[in-house]
Amino acid sequence: MSKRIFGFGIIGAGVIAPTHCSAIRQIPNARIVAFCDLERGKAAKLASEQASEAGVPDVYTDFHAMLRRDDIDVVEILTWSGVHAEQATAAAEAGKHLIITKPVDTRLERIDALIETCRRCGVKLGATHQFRGFPAYKRLKAAIDDGRLGRLYMGNGFLKWWRSQEYYDSAAWRGTWNLDGGGALMNQSIHYVDMLTWLMGRPKNLRGFIATHAHNIEVEDCATAAIQFENGALGTFQGATCIYQGMPSRIEVHAERGNVVIEGDKIVLWNVEGEPLEKGTAGTGSVANPGSGLELAVDAHVEQISDVLAAIEEGRDPVINGSEARRAVEIILAVYHSAWSGETIHFPLTRDPMPPSML
Ligand SMILES: NC(=O)c1ccc[n+]([C@@H]2O[C@H](COP(=O)([O-])OP(=O)(O)OC[C@H]3O[C@@H](n4cnc5c(N)ncnc54)[C@H](O)[C@@H]3O)[C@@H](O)[C@H]2O)c1
């Protein structure tokens, strides 16, 4: 175990911040030294909750002031999705390593510029995508990578987490193109878009459709896409926040020697040649709705944040680095691009699409 203690500064003291704080508290060589939020009260509340024998973390409302501290080694960005790259760039230029929640940012051009800035400044860029850390998905990923499933034929991902209009009205950035970067796909279903490309590989072609059925927002609350992967496998994914509540999230992988279905964090079907057949209880995936699955989420964050610290010490890239985190954003932007243009999108996507209303 390394003796180096990493000081953390956290920008954004909203909904996701306590999960990151719980994770950091479990990492022996990590200490939160400061919080920053535009709303001082939110940062101050979190700081008092995170008080330890080392004291109460300091509170800032201007992240540039926080970045001037030399006892901060790692900055976590937990703010509105559409400002992640801007804040991360300032932190990288101040010599801080970075951990950014999903999405790493909402525009490819900004993500690419950030990756380049981090390279130039010699700092690590890591992102958190907690579903990759859940045991059921790790087990499936290992079976695919070991070749136990044979050739991949089809991969499907469904994440339909209901959100109320009050949710969208609870903060001005939610449900906006500029600051949320999109709707059901960019905020919620990104978890399973990331999962699908992690399991199935890079995309080749995609056709997508979006709709806004049930909310007064400028972005989509319903989306569907058909996708062809570089390895020839096909797939589909659907994301929604308008579907009546209670739907478990679901991943299906169909391959030469097996079918695996996972709902939430539970294996519903493990039917792999030469391995015992497993059938779980369908429909109860415990991470299907907000507020549940928190322990798994914290465990996964511990693993992913620890990996960034190890990457700093070992001089390597984090496992979920900027390019890895970019993949889901590229696919989501391709869905928007396809929906607005009516075209099939061929990867790599070379430019950020613009909603017709903003052209
Ligand atoms: N991994 C997950 O499961 C998960 C879950 C929820 C949210 N998120 C992500 O976390 C991010 C934040 O989401 P949230 O639900 O916590 O939002 P939130 O609105 O509850 O919190 C965001 C906070 O950022 C602060 N902020 C914005 N700009 C700032 C600035 N310039 N300086 C200081 N503070 C600033 C806001 O005041 C706000 O308190 C989003 O990108 C979201 O996609 C991830």
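Remember, it's 1-based here, ligands and their atoms both numbered in the order they're listed. The residues of the chain are indexed from 1 along the displayed sequence. Bear in mind that the values here come from a model prediction, so they are computed numbers and not experimental data.
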Chemist: What's the shortest distance from atom 22 (C) of ligand 1 to any protein heavy atom, and which residue and atom give it?
Modeler: L78 O, 3.7 Å

Chemist: Taking only heavy atoms of I11 into account, list the atoms of ligand 1 that are under 4.0 Å away from them.
Modeler: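 In order of numbering, the contacting atoms are 32 (N), 33 (C).
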
Chemist: Give the residue and atom name of whichever protein heavy atom lies nearest to atom 7 (C) of ligand 1, and the separation in Å to one decimal.
Modeler: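 For atom 7 (C) of ligand 1, the nearest protein heavy atom comes out as I16 CB, 3.7 Å.
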
Chemist: Any side-chain to backbone donor/acceptor pair from T79 onto I11? Under 3.5 Å, distance only.
Modeler: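 Flag not set: sc T79 to bb I11 has no pair under 3.5 Å.
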
Chemist: What about K42: any of its N or O atoms under 3.5 Å from an N or O on ligand 1?
Modeler: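 Looking only at distances, the answer is yes, because the N/O contact criterion of under 3.5 Å is met.
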
Chemist: For atom 11 (C) of ligand 1, find the nearest protein heavy atom and state the residue, atom name and distance (0.1 Å precision).
Modeler: T79 O, 3.1 Å

Chemist: Within 45 degrees of the ring normal and closer than 6.0 Å to the centroid, is that where the cationic atom of R250 sits relative to W161?
Modeler: no

Chemist: Short list, please: which atoms of ligand 1 are under 4.0 Å from a heavy atom of H84?
Modeler: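 Close to H84: 41 (O).
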
Chemist: Nearest to atom 17 (O) of ligand 1 by heavy atom, Y167, W173, F131, Y60: which?
Modeler: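 Among Y167, W173, F131, Y60, the closest heavy atom to atom 17 (O) of ligand 1 belongs to W173.
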
Chemist: Any idea which protein heavy atom is nearest atom 20 (O) of ligand 1, and the distance to it?
Modeler: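 Nearest neighbour among protein heavy atoms for atom 20 (O) of ligand 1, to 0.1 Å: V15 N, 2.9 Å.
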
Chemist: If you have a sec, work out which protein heavy atom is nearest atom 34 (N) of ligand 1 and how many Å separate them, to one decimal?
Modeler: L38 N, 3.2 Å

Chemist: Taking 4.0 angstrom as the limit and counting only heavy atoms of T101, give me the atoms of ligand 1 inside it, by number and element.
Modeler: 1 (N), 8 (N), 9 (C), 10 (O), 11 (C), 41 (O), 44 (C)

Chemist: Starting at CG of L185, measure out to OG1 of T224 and round the result to the nearest 0.5 Å.
Modeler: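 Here the interatomic distance stands at 9.5 Å.
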
Chemist: Would you please say whether a donor-acceptor pair under 3.5 Å links the side chains of R174 and Y167?
Modeler: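 A pair is found: one side chain offers a donor N or O, the other an acceptor, under 3.5 Å apart.
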
Chemist: Taking atom types as modelled and ignoring hydrogens, do the side chains of R327 and T197 form a donor-acceptor contact shorter than 3.5 angstrom?
Modeler: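 Present: a donor and an acceptor within the cut-off.
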
Chemist: Just go through R40, R174, E39, Q87 and tell me whose heavy atom is the nearest to atom 30 (C) of ligand 1.
Modeler: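 Of the listed residues, Q87 has the closest heavy atom.
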
Chemist: As an exercise, state the distance from OG of S170 to CZ of R163, rounded to the nearest 0.5 Å.
Modeler: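 Between atom OG of S170 and atom CZ of R163 there are 10.0 Å.
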
Chemist: For atom 8 (N) of ligand 1, tell me which residue out of M186, K102, H301 has the closest non-hydrogen atom.
Modeler: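 Answer by nearest heavy atom: K102.
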
Chemist: Going by heavy atoms, is A297 under 4.0 Å from ligand 1?
Modeler: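 The answer is no, since A297 has no heavy atom less than 4.0 Å from ligand 1.
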
Chemist: Which protein non-hydrogen atom lies closest to atom 23 (C) of ligand 1, naming both residue and atom, and how far is it?
Modeler: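 Answer for atom 23 (C) of ligand 1: D37 OD2, 3.6 Å.
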
Chemist: For ligand 1, is there an atom lying under 4.0 Å from some heavy atom of T128?
Modeler: no

Chemist: Any idea which protein heavy atom is nearest atom 2 (C) of ligand 1, and the distance to it?
Modeler: Q130 NE2, 3.5 Å

Chemist: Cut-off 3.5 Å, side chains only: do D221 and H215 have a donor facing an acceptor?
Modeler: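 Yes, a side-chain donor-acceptor pair sits under 3.5 Å.
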
Chemist: Is a donor on one side and an acceptor on the other found under 3.5 Å between the side chain of D352 and the backbone of L108?
Modeler: yes

Chemist: Kindly compute the distance separating OH (Y60) from CG (L67), expressed to the nearest 0.5 Å.
Modeler: 9.5 Å

Chemist: For the pair K124 (side chain) and C118 (backbone), establish whether a donor and an acceptor sit closer than 3.5 Å, ignoring hydrogens and angles.
Modeler: no

Chemist: Which of the atoms in ligand 1, numbered in the order shown and given with their element, are less than 4.0 Å from a heavy-atom of H191?
Modeler: 1 (N), 2 (C), 3 (O)

Chemist: So, taking the atom named NE2 in H191 and the one named NE2 in H129, what distance separates them when rounded to the nearest 0.5 Å?
Modeler: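 So the NE2 of H191 and the NE2 of H129 are separated by 8.0 Å.
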
Chemist: Suppose we measure from atom 41 (O) of ligand 1 to each protein heavy atom; which comes out shortest, and what is that distance?
Modeler: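 Here the closest protein heavy atom is S81 OG, 2.8 Å.
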
